[in-house]
Number of protein chains: 2
Amino acid sequence: MADPTPQTTPPGGLRERKKQRTRDALIRAALELFTEQGYEATTIDEIAEAVDVSQRTFFRYFSNKQEVTFAVQDMVEARFLEELRARPADEPPLPALRGAVLTAWDEIGNAIASVIPVDLYMRTFQMIESTPALVAAHLRRFTELEEQIAQLIARREGLDVDVDPRPRVLVAAFSGVMRVAGKVWGEGHDCSVAAIREVTQSYLDHIGPAIETDWRGKGTPRAGHEHARDQA
Amino acid sequence: MADPTPQTTPPGGLRERKKQRTRDALIRAALELFTEQGYEATTIDEIAEAVDVSQRTFFRYFSNKQEVTFAVQDMVEARFLEELRARPADEPPLPALRGAVLTAWDEIGNAIASVIPVDLYMRTFQMIESTPALVAAHLRRFTELEEQIAQLIARREGLDVDVDPRPRVLVAAFSGVMRVAGKVWGEGHDCSVAAIREVTQSYLDHIGPAIETDWRGKGTPRAGHEHARDQA
DNA sequence: AGGCTAATGTCAGCTACTGACAGTTGACAA
DNA sequence: TTGTCAACTGTCAGTAGCTGACATTAGCCT
């Protein structure tokens, strides 16, 4: 259009589209090979060969083997952050987080499908959870996301994360719960987006009751809770 | 002696002691090189050369570069689990966790010193936090520890982790907070055991107040809290 | 002393990843 | 259309983490 930015390459060029296609093909080939024969059993050479490019080219698109594994996850996380930023400013922290995740899950399906089949994403998720090296990488990424979320929450509440510990503490607790939810889903049988949404929602609703001091003599609590003080 | 177990090697032999010395020397050399010149900039060959063994021998003691990095951390975590198991059975979950960490920190110093100088451990901790690959590994290890803790808590309370989500949820929140505490300590200036104990304690005491719905119009809350229900 | 076996050294090889350089191809102007 | 530039790609050589196979050393035990 009227966009004269001659910086690198125009967004609609043939070259740009070709690049995007190569990138998507690499992601898809990699995830398919990973889920079929395992992450470590798959070599970069195999992935490159499947897309008919050189190994060197693979490393020009992804700086390492792990990066291609989380390429789709990147999209998902970006989407969550968008949703969080879109929450009304007067909403309290926990409900905002809760709302953002649930809304995000509702829309993520389509975003994923533009690159790979949804079920491949699901299998990838499970493969990550069962590959130690990828679990580690996954957790690290999650942590970086946490920091961004904490900053967002702090800004919403007009706080400084380095002064008031509550944003980081809340986000730490929140994402700890999110991780457990994801793991439980991965170990289950229902490979649908609806299922993970369900688990997420349920677990988030347990975070309050769980920190109660006395768990005994109660059923699974739901909303009302009395909170005893911890003794020194 | 009167010990006829001909299985592997008797626990007091020269061979056994030599092995232990080699192992400790490898740990120490590795951590010193890592903290001085960086983790990635240090090769296994350098470590092996510093202890005057072959590279192959290094890999017979540690299955990979990361393992030697966390050898000391292994001790620390084992100690925490011991302390947790030693807590009185009638103590509620969160106080038990809190008590175990704080007690553990009080005694860990000595345990570490038997292998490496304490300040080397401190510098190692900070190096880990500033090396992405090690952060990832650290988090994964932490997660595995979490699962063990959740099982312990569940047993204490007579629950099944696969039925009642509260043990995992509490532990997730708890260790999320622990991780943030460790990170904050690593970024600070006071490299003492007392300091991390301090931060840990303070953060654990914030976990309850942090999940309150309304943070505004309050100072840093301490114990009393009203908990509004989240809207659907 | 001498045999057994755990510990170690040596070597060859695989895979992830990188730098350097050369060849190819899309973009854009003349 | 054609030529030039820049981006993209391929090839090659090399480093480092890590493993298996096999020979050698050295503590242990009779």
Side-chain angles (χ1 to χ4, degrees), chain A residues 1-26 29-30 33-34 37-70 131-134 136-137, chain B residues 1-26 29-30 33-34 37-70 131-134 136-137:
Chain A
M1 298 281 176
D3 185 7
T5 48
Q7 35 202 27
T8 51
T9 41
L14 196 163
R15 189 178 262 170
E16 194 68 15
R17 272 176 286 138
K18 208 169 179 178
K19 252 174 70 178
Q20 192 59 47
R21 258 187 294 134
T22 305
R23 191 186 141 88
D24 289 353
L26 282 171
L33 287 167
F34 288 164
Q37 60 191 35
Y39 178 74
E40 266 128 27
T42 304
T43 66
I44 307 289
D45 284 329
E46 285 178 284
I47 302 169
E49 198 176 2
V51 185
D52 204 52
V53 295
S54 72
Q55 191 213 48
R56 197 66 183 87
T57 294
F58 174 92
F59 283 111
R60 288 203 175 93
Y61 280 91
F62 306 97
S63 59
N64 52 51
K65 200 176 173 182
Q66 287 178 358
E67 197 170 303
V68 68
T69 315
F70 292 100
T131 307
L134 293 180
Chain B
M1 303 279 177
D3 185 7
T5 48
Q7 34 203 28
T8 52
T9 43
L14 197 163
R15 191 180 259 167
E16 195 66 17
R17 273 176 285 139
K18 207 167 178 179
K19 252 173 71 180
Q20 193 58 48
R21 258 187 293 136
T22 305
R23 193 185 140 88
D24 288 354
L26 281 172
L33 287 168
F34 288 165
Q37 60 191 35
Y39 177 75
E40 265 129 26
T42 304
T43 67
I44 308 287
D45 284 329
E46 284 179 282
I47 302 169
E49 197 176 1
V51 184
D52 204 52
V53 295
S54 72
Q55 190 212 50
R56 197 66 181 84
T57 293
F58 173 92
F59 282 112
R60 286 202 177 96
Y61 280 93
F62 306 98
S63 59
N64 52 52
K65 200 176 172 182
Q66 288 178 358
E67 198 171 303
V68 68
T69 315
F70 292 100
T131 307
L134 293 180

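Chain identifiers are assigned alphabetically (A, B, ...) following the order of the sequence lines, protein sequences preceding nucleic acid strands; residue numbering begins at 1 within each chain. These figures come from a predicted structure and were not determined experimentally.
Listed by residue number, the members of residues 55-66 of chain B with any heavy atom below 4.0 angstrom from DNA chain C are B/Arg56, B/Thr57, B/Arg60, B/Tyr61. Near DNA chain C, defined here as any heavy-atom distance below 4.0 Å, the residues from residues 39-54 of chain A are A/Thr42, A/Thr43, A/Ile44, listed numerically.
Counted within 6.0 Å of CD on B/Glu49, heavy atoms from surrounding residues, nucleotides or ligands total 12 or fewer; the atom is thus considered open.
Put simply, CZ on B/Arg17 is 15 Å from P on C/dA7, counting in whole angstrom units. As a whole-Å value, the separation of A/Glu16 CD from D/dA6 P is 18 Å. A straight line from NZ of A/Lys18 to P of D/dT9 spans 8 Å, rounded to a whole angstrom. C/dG26 atom P lies 10 Å from atom CZ of A/Arg21, rounded to whole Å.
Considering all non-hydrogen atoms of both residues, B/Leu26 and B/Tyr61 come closest at CD1-CD1, 3.9 Å. What you find for A/Phe62 and A/Arg23 is that their closest heavy atoms are CE2-NH1, 3.4 Å. Summarising the geometry of B/Thr22 relative to B/Val53, their closest heavy-atom pair is CG2-CG1, 4.3 Å, with the distance given to 0.1 Å. In this structure, B/Glu40 and B/Ala133 approach most closely via the heavy-atom pair OE2-CB, 4.1 Å. The minimum heavy-atom distance between B/Ala137 and A/Ala136, with the atom names listed, is N-CB, 4.1 Å.
Between B/Glu67 and B/Ser63, the side chains place a donor N or O and an acceptor N or O closer than 3.5 Å (distance only, hydrogens not considered).
Between A/Lys19 and D/dA7 there is no side-chain polar atom (N or O) within less than 4.0 angstrom of OP1 or OP2.
Taking five base pairs at each end of the helix from C/dA1-D/dT30 to C/dA30-D/dT1 and finding the rotation axis that steps the C1' atoms of four pairs onto the next four gives two axes whose angle is 10°, to the nearest 10°.
Exactly one residue among B/Val68, B/Leu134, B/Thr131 makes a side-chain contact (heavy atoms from CB on, under 4.5 Å) with B/Phe34. That residue is B/Val68.
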Please assess B/Ile44 against B/Phe59 for the test side chain to side chain contact (heavy atoms under 4.5 Å, CB included), listing each intermediate value before the final yes or no. CA-CA 9 Å; B/Ile44 308 287; B/Phe59 282 112; 3.9 Å; yes
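B/Arg21 is listed as a side-chain neighbour of B/Lys18, based on a closest heavy-atom distance under 4.5 Å.
Atom NZ in A/Lys65 sits 6.5 Å away from atom CD1 in A/Ile47 (nearest 0.5 Å).
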